[in-house]
Amino acid sequence: MNEELFIQLLKEKRIEINDKQLKQFEIYYSTLVEWNEKMNLTAITAKNEVYLKHFYDSLTPAFYFPFEGNMTVCDVGAGAGFPSLPLKIIFPELQVTIVDSLNKRITFLDHLAKQLNLQGVNFYHDRAETFGQNKKFRESFDIVTARAVARLSVLSELCLPLAKVGGTFLALKGPQFQEEEKDAQSAIHQLGGEWNEVHAFALPEEGSERHLAVVKKIKTTPKRYPRKPGIPNKSPIS
Ligand SMILES: C[S@@+](CC[C@H](N)C(=O)[O-])C[C@H]1O[C@@H](n2cnc3c(N)ncnc32)[C@H](O)[C@@H]1O
């Protein structure tokens, strides 16, 4: 996806992008590629592919969900910043918190945020299981996002404890979603969530399948969740 198509397709979704934001995406791309030579951040490095599979893909939640004003967003396992930093570029008032268990990714994000001159971003080196038990963060975010971190039953345990009651968990999922959905129903319910909607769509140009699962937090999450690091993955809530 070249820059012109990126601009045009976002415009079709009523997302206007100005020169400053375009420049920020350019800096994001060059910083990602530069740092990727020293540390493994992404397997995708061709410019057209980064614009499609990282930048555009990260913005797809905004096609279905209104990101308004200074909403607080926690991105669990954001790696090199996806999806929350492309969203932050487009919606600069968002207050973004990233938690990732790999410290080198946090080092990259600190550097990137300076290059992009981002305000209102905080990065934490932690496991989501521990972070979700921290009183300062638990049940405090308007939105919790995650892309490519774990299957939905596991991801729900990592993410839903961080969403405030009335908040939303947005899971960016690929073609495997339908299988994961069935397994995750009970976990979502036990964690205080409720299915809101699922949006199925295809990425432009190469047509790969995507799903955006929108889960509402309707009740407080029981204190025992999230369980200790590694347990959600080893024995998912069933
Ligand atoms: C495959 S990468 C995906 C990164 C990014 N979300 C994306 O879509 O490109 C998964 C990331 O999740 C992080 N991660 C995995 N399990 C985690 C956990 N329990 N707590 C925090 N971060 C975790 C990893 O360190 C890694 O950066």
Side-chain angles (χ1 to χ4, degrees), residues 53-54 57-67 71-79 82-84 87 96-102 126-134 137-203 208-238:
K53 294 183 185 166
H54 284 324
D57 193 40
S58 290
L59 294 171
T60 56
F63 304 166
Y64 306 99
F65 183 86
F67 287 86
M71 280 176 161
T72 53
V73 180
C74 181
D75 194 2
V76 171
F82 306 119
S84 55
L87 287 164
V96 171
T97 296
I98 286 178
V99 55
D100 199 287
S101 55
L102 257 191
D126 202 353
R127 299 274 310 210
E129 295 93 323
T130 319
F131 200 69
Q133 288 293 359
N134 184 327
F137 303 110
R138 186 179 176 85
E139 312 217 287
S140 71
F141 296 96
D142 296 312
I143 304 166
V144 183
T145 57
R147 186 186 83 155
V149 176
R151 60 192 185 278
L152 197 57
S153 53
V154 178
L155 197 61
S156 299
E157 186 170 350
L158 304 182
C159 293
L160 271 168
L162 290 161
K164 58 165 74 155
V165 174
T168 308
F169 163 40
L170 297 172
L172 287 77
K173 286 280 161 193
Q176 75 290 7
F177 173 74
Q178 258 115 15
E179 273 167 51
E180 293 185 17
E181 184 186 15
K182 282 184 243 119
D183 290 348
Q185 300 279 0
S186 170
I188 288 172
H189 177 72
Q190 291 179 58
L191 291 157
E194 183 182 66
W195 278 113
N196 190 301
E197 46 197 11
V198 177
H199 301 279
F201 55 97
L203 264 197
S208 58
E209 227 181 291
R210 292 285 186 275
H211 293 88
L212 176 74
V214 183
V215 178
K216 272 270 155 212
K217 176 86 172 262
I218 56 163
K219 279 192 301 196
T220 305
T221 301
K223 281 207 172 65
R224 62 183 180 280
Y225 300 124
R227 291 165 292 166
K228 294 214 157 61
I231 305 290
N233 195 38
K234 217 180 285 163
S235 66
I237 301 172
S238 58

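Residue numbers count from 1 along this sequence. Bear in mind the structure is a predicted one, so any value in this text is a computation, not a measurement.
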Checking D57, L170, T145 against P83 for side-chain contact (heavy atoms from CB on, under 4.5 Å), the one that qualifies is T145
Closest non-hydrogen atoms of V215 and G193, given as atom of the first, atom of the second and distance, are CG1-CA, 4.1 Å
**Q.** Side-chain touch F65/T168, heavy atoms, less than 4.5 angstrom
**A.** yes
Determine the interplanar angle of the F141 and F137 rings, folded into 0 to 90°, and report it as parallel if under 30°, tilted if 30 to 60°, perpendicular if over 60°.
parallel
When rounded to the nearest 0.5 Å, the distance separating NE2 of H189 from OG of S156 is 13.0 Å
Q. Any chance CD of E179 has more than 12 other-residue heavy atoms, nucleotides or ligands included, within less than 6.0 Å?
A. no
Q) Is a side-chain donor or acceptor of D75 paired with a backbone partner of I98 at a separation under 3.5 angstrom? A) no
Heavy atoms of L172 and P61 approach each other most closely as CD2-CG, 3.8 Å
- K164 and S140: side chain to side chain donor-acceptor pair (under 3.5 Å), yes or no, with the steps? CA-CA 5 Å; K164 58 165 74 155; S140 71; over 6 Å; no
NZ (K216) and CD (E197) are apart, to the nearest 0.5 Å, by 9.5 Å
In this structure, CZ of R210 is separated from CG of L203 (nearest 0.5 Å) by 4.0 Å
Open item on the list: Please report whether the ring centroid of F201 lies less than 6.0 Å from that of F63.
Closed with: no
- Message: Between H211 and Q178, is the side-chain contact (heavy atoms from CB on, under 4.5 Å) condition met? List the steps.
- Response: CA-CA 9 Å; H211 293 88; Q178 258 115 15; 3.9 Å; yes
L152 and A171 have their tightest heavy-atom pair at CD1-CB, 3.7 Å
Taking K217 for its side chain and L160 for its backbone only, find out whether a donor-acceptor pair lies under 3.5 Å.
yes
Discussion item. side-chain contact (heavy atoms from CB on, under 4.5 Å) for L155 and E180? Distances and angles first, verdict last.
Written reply: CA-CA 10 Å; L155 197 61; E180 293 185 17; over 6 Å; no
For W195 and V198 the tightest heavy-atom approach is CZ3-CG2, 3.8 Å
Closest heavy-atom pair, T221 versus R138, reported as atoms and distance to 0.1 Å, is O-NH2, 3.2 Å
Value for CG (D142) from CZ (F67), rounded to nearest 0.5 Å, stands at 10.5 Å
One should read off an interatomic distance between E194 CD and K219 NZ, to the nearest 0.5 angstrom, of 9.0 Å
Review point. Do V76 and L162 pass the side-chain contact (heavy atoms from CB on, under 4.5 Å) test, and can you show the C-alpha distance, the side-chain angles, and the key distance before you say yes or no?
Key: CA-CA 9 Å; V76 171; L162 290 161; 3.8 Å; yes
Side-chain donor-acceptor pairs under 3.5 Å in residues 229-238, sequence neighbours left out?
none

When rounded to the nearest 0.5 Å, the distance separating NZ of K228 from CZ of R127 is 13.0 Å
Residues at least two apart in sequence or cross-chain that pass side-chain hydrogen bond (donor to acceptor under 3.5 Å, both in side chains) with E209, listed by chain then number, are none
So, the side chain of Q133 versus the backbone of K223: is there a donor-acceptor pair under 3.5 Å, distance only? yes
Nearest heavy-atom approach of L158 to A128 is CB-CB, 3.9 Å
- Could you check if a side-chain atom of Q190 sits within less than 4.5 angstrom of a side-chain atom of Y225, using non-hydrogen atoms only? yes
